[in-house]
S.K.: 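Got a structure here, written out as structure tokens. Questions coming.
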Protein chains: 2
Amino acid sequence: MATIYEVSELAGVSLATVSRVMNGNTRVSEAKRTKVLAAMKELNYRPNSIAQSLASNCTNSVGLLVSELYGPFFGEMMSGVEGELRAAGKHVIVAAGHSDEASEKDAIEFLISRKCDALILHVDAVSDEYLLDLNKKGTPVVVINRYVEGLGESCICLNNELGGYLATKAVLEMGHRQIAYVSGPMWKMDVRERLAGHKRALKEFGCEVPDSLYIEGDFHEEGGVAAMQQLLKQKQPFTAVVCANDEMACGVMNCARDNDLDVPSDVSVMGFDNVIMSRYTFPHLTTIDFPSGEMGRMAANWVRHHIYEDKKKPLNTLFEPTLVLRDSLRKIA
Amino acid sequence: MATIYEVSELAGVSLATVSRVMNGNTRVSEAKRTKVLAAMKELNYRPNSIAQSLASNCTNSVGLLVSELYGPFFGEMMSGVEGELRAAGKHVIVAAGHSDEASEKDAIEFLISRKCDALILHVDAVSDEYLLDLNKKGTPVVVINRYVEGLGESCICLNNELGGYLATKAVLEMGHRQIAYVSGPMWKMDVRERLAGHKRALKEFGCEVPDSLYIEGDFHEEGGVAAMQQLLKQKQPFTAVVCANDEMACGVMNCARDNDLDVPSDVSVMGFDNVIMSRYTFPHLTTIDFPSGEMGRMAANWVRHHIYEDKKKPLNTLFEPTLVLRDSLRKIA
DNA sequence: TGCTTAAATGTAAGCGCTTTCACAAAGTGT
DNA sequence: ACACTTTGTGAAAGCGCTTACATTTAAGCA
């Protein structure tokens, strides 16, 4: 691999000049620029980006930490981040945090050790203080789907409370009053927000629901199945079940069917996230759209603007969820 | 951030000694090692991995190129790669190739420019020659789900032909003889292999199928829907449809239902890949397991052994698909 | 004790870039 | 013509490490 030195030699200029034409931030005479470019082409020169990083103290890489690399939710987010960042010539280094505090911290340390210029984090186990501290210590951080007081505009959030509200409101407007709710793990912030929205809608419609219709799920299909089984075992009647995500809604629908209940004739089901899969289920799932790809793209843009381009132009960091009506919700008689 | 120099100063040793205790490949006296370790801890020293990379000509990072970052198939693969590689302290840089030749080449260039120690590729648009050339020019490459003559053991493959065979054999054994086939894009190697397996099974059972029952799909749900629509529009009867992947099988099932056909009473459906989603569909999809996570892990291990540990121990690079029986396939009367 | 050999450590030369600084060349305005 | 900017360029000092080589120290043995 040719080095900058060989290029400078062939072009008959100094190292500095070659570097200048590469970076394009200083003026170079047309004559030398042409020579350098020709020499580069002839030698098939590619700058060594590691050397560039060391000298410039900028690695052109950003770390992306998600809970899991699989799963439709993160897939779209990652896709958004990667697309935007690569278009800007930045590398993205991925890591999985597995929703576990030690693992998340470990992953963050790992990304920092690679000197990422910034970190895009979707974490739920780590504390707000930890994130704040991280940022204070000089690692630019943007957090997805979580609001951290003090991190300000670098939190790319969905209004989860509103999502929860919209979901349940839609169910209520269809006439349902006996509404079961399958939440995610309650230690997660977004789970509590969605639940809060649910309760707000209930209150608004003057609807009271017994505690036994609240089940804490695990965000997985299995959890949905388990929740539905428990719900069915109880005598407490219900005509609809609102789920805190689509996977669990899937489980609920499958379990309903296994118990000879038709969705939506016998039970209506509401999801959350609008994961790709929800379009393919039977019946097609009515859900709340979580624009994860869009948010990933926005996170990437935040990094581009704030870290690489220094244009502190304001970005949209609060996204609004929307209702996606499909077939799993039906008006009650 | 403290540098190695400050550590050496504080510990009262030379730079080289500090470097030695870090790398642990040369003997250092216990006394000095202890001092150095203490100094490191006191200064909260973290080696600058960029500088290490430049000096050692090893970046400890491997590039991972997949067609798309979303989608269950790649998700599991990536997850396997990341898990294994991070455990070994290696960074994974991801990129998406979008099954487009220019885009794939671009992504590969991009990863090389970051001086990845090796590349793990899931590509389908780029030619064998290109990959061979890449490898010859000094970029260690491991290819997933594709066999490239000359790359030998660094191809992590699934026996797609066998998968295609198993799928169709299972359908035939259920008594079906009028079997439609929805393939993926025929320019993809694995698509042709799966089809070859399909035809072998057909031949083995002495079953002849008219051309009109072969439809070229796009590997997406929409393609499955379109294929099924076309099949239904034709007068040519069929009792089962074998699909080259699960997404399309989903589309086929949805389309069947929209036309008041019950799966599997009226039509049986067979998938391929055993994507997570296939467990959640209704009916649960009978399919062929593609151990993508396992293959990702194997690719990562190949890199670990061949690039970082230089133990050329043989690895399992040819995976066998297996049949996963669920509910979308039924014995014909 | 003196000599040989091995082990531990330090010195210094890179790795391939960026960037500051100094300086020469070429314009400007008066 | 002069002093005074402006513009283009090169020399050289890093960036924070690794590692070949030189040097010192310790150990082994006759």
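In the text below, chain A, chain B and the rest are named by the order of the sequence lines, each starting its count at 1. Because the structure is a prediction, the values reported are computed rather than measured.
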S.K.: Among residues 28-49 of chain B, which residues get a heavy atom nearer than 4.0 Å to DNA chain C?
M.R.: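 Those residues whose heavy atoms fall under 4.0 Å from DNA chain C, taken from residues 28-49 of chain B in numerical order, are B:Val28, B:Ser29, B:Lys32.
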S.K.: Could you state the CG-P distance from B:Asn60 to D:dT18, rounded to the nearest angstrom?
M.R.: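 Checked: the CG to P distance equals 11 Å.
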S.K.: Assign a letter to each nucleotide of nucleotides 18-24 of chain C from its 5' end: B, base within under 4.0 Å of a protein heavy atom; S, sugar-phosphate only; -, no contact.
M.R.: BBB----
S.K.: Taking only distance into account, with no hydrogens and no angle test, what donor-acceptor pairs under 3.5 Å do side-chain atoms of residues 27-36 of chain B form with protein atoms, sequence neighbours excluded?
M.R.:
unit_1	atom_1	unit_2	atom_2	d
B:Ser29	OG	B:Lys32	N	3.4
B:Arg33	NH1	B:Val28	O	3.4
B:Thr34	OG1	B:Glu30	O	2.6

S.K.: The criterion is side-chain contact (heavy atoms from CB on, under 4.5 Å); which residues satisfy it with A:Glu109, sequence neighbours excluded?
M.R.: B:Arg46
S.K.: Restricting to side-chain contact (heavy atoms from CB on, under 4.5 Å), what partner residues turn up for A:Ser56, sequence neighbours left out?
M.R.: A:Cys58
S.K.: Which residue pairs satisfy the salt bridge (Lys or Arg N to Asp or Glu O under 4.0 Å) criterion with at least one member in residues 120-129 of chain A, sequence neighbours excluded?
M.R.: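 Those involving residues 120-129 of chain A are A:Asp124-A:Lys188, A:Asp128-A:Arg146.
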S.K.: Tell me, please, which residues at least two apart from A:Ser19 pass side chain to side chain donor-acceptor pair (under 3.5 Å).
M.R.: A:Asn23
S.K.: Once you build an axis from the first five pairs and another from the last five of the helix from C:dT1-D:dA30 to C:dT30-D:dA1, how far apart in angle are they, to 10 degrees?
M.R.: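 End-to-end axis angle: 30°.
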S.K.: On the nucleotide C:dA7, are OP1 or OP2 found under 4.0 Å from the side-chain N or O atoms that B:Arg27 carries?
M.R.: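 No, because none of the side-chain N or O atoms of B:Arg27 sits under 4.0 Å from OP1 or OP2 of C:dA7.
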S.K.: Apply side-chain contact (heavy atoms from CB on, under 4.5 Å) to B:Tyr147 and list each qualifying residue two or more places apart in sequence or on a separate chain.
M.R.: B:Glu149, B:Cys155, B:Cys157
S.K.: Got a sec, which pairs hit salt bridge (Lys or Arg N to Asp or Glu O under 4.0 Å) with one end in residues 48-61 of chain A, sequence neighbours left out?
M.R.: none
S.K.: Would you mind reading off the distance between A:Leu54 atom CG and D:dT18 atom P, rounded to a whole angstrom?
M.R.: 12 Å
S.K.: Sort out for me which residue in B:Val142, B:Val143, B:Leu315 forms a side-chain contact (heavy atoms from CB on, under 4.5 Å) with B:Ile156.
M.R.: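 It is B:Val142; the other options fail the test.
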S.K.: In whole Å, I'd like the distance from the CG atom of A:Asn57 to the P atom of D:dC17.
M.R.: 12 Å
S.K.: Donor-acceptor pairs under 3.5 Å, side chain of residues 69-92 of chain A to any protein atom, not counting sequence neighbours: which ones?
M.R.:
unit_1	atom_1	unit_2	atom_2	d
A:Glu82	OE2	A:Arg86	NE	2.9
A:Glu82	OE2	B:Ala96	N	3.2
A:Glu84	OE2	A:Asn301	ND2	3.3
A:Arg86	NH1	B:Asp106	OD2	3.1
A:Arg86	NH2	B:Ala96	O	2.7
A:Lys90	NZ	A:Asn60	OD1	2.6

S.K.: So, using side-chain contact (heavy atoms from CB on, under 4.5 Å) as the criterion, who are the partners of B:Pro291 when residues are at least two apart?
M.R.: B:Leu158, B:Asp289, B:Glu294, B:Met295, B:Phe319
S.K.: From CD of A:Glu6 over to C1' of C:dC15, roughly how many Å is that when rounded to an integer?
M.R.: 13 Å
S.K.: Side-chain N or O of A:Ser14 versus OP1/OP2 of D:dG10: is the shortest distance under 4.0 Å?
M.R.: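 So the side-chain polar atoms of A:Ser14 do come within 4.0 Å of the phosphate oxygens OP1 or OP2 of D:dG10, strictly under.
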S.K.: Between P on D:dC17 and CD1 on B:Ile50, what's the gap in Å once rounded to a whole number?
M.R.: 11 Å
S.K.: To the nearest Å, how far apart are B:Lys115 NZ and C:dG16 P?
M.R.: 8 Å
S.K.: Can you give me the closest heavy-atom contact between B:Pro140 and B:Ile307, atom names plus distance?
M.R.: CB-CD1, 3.4 Å
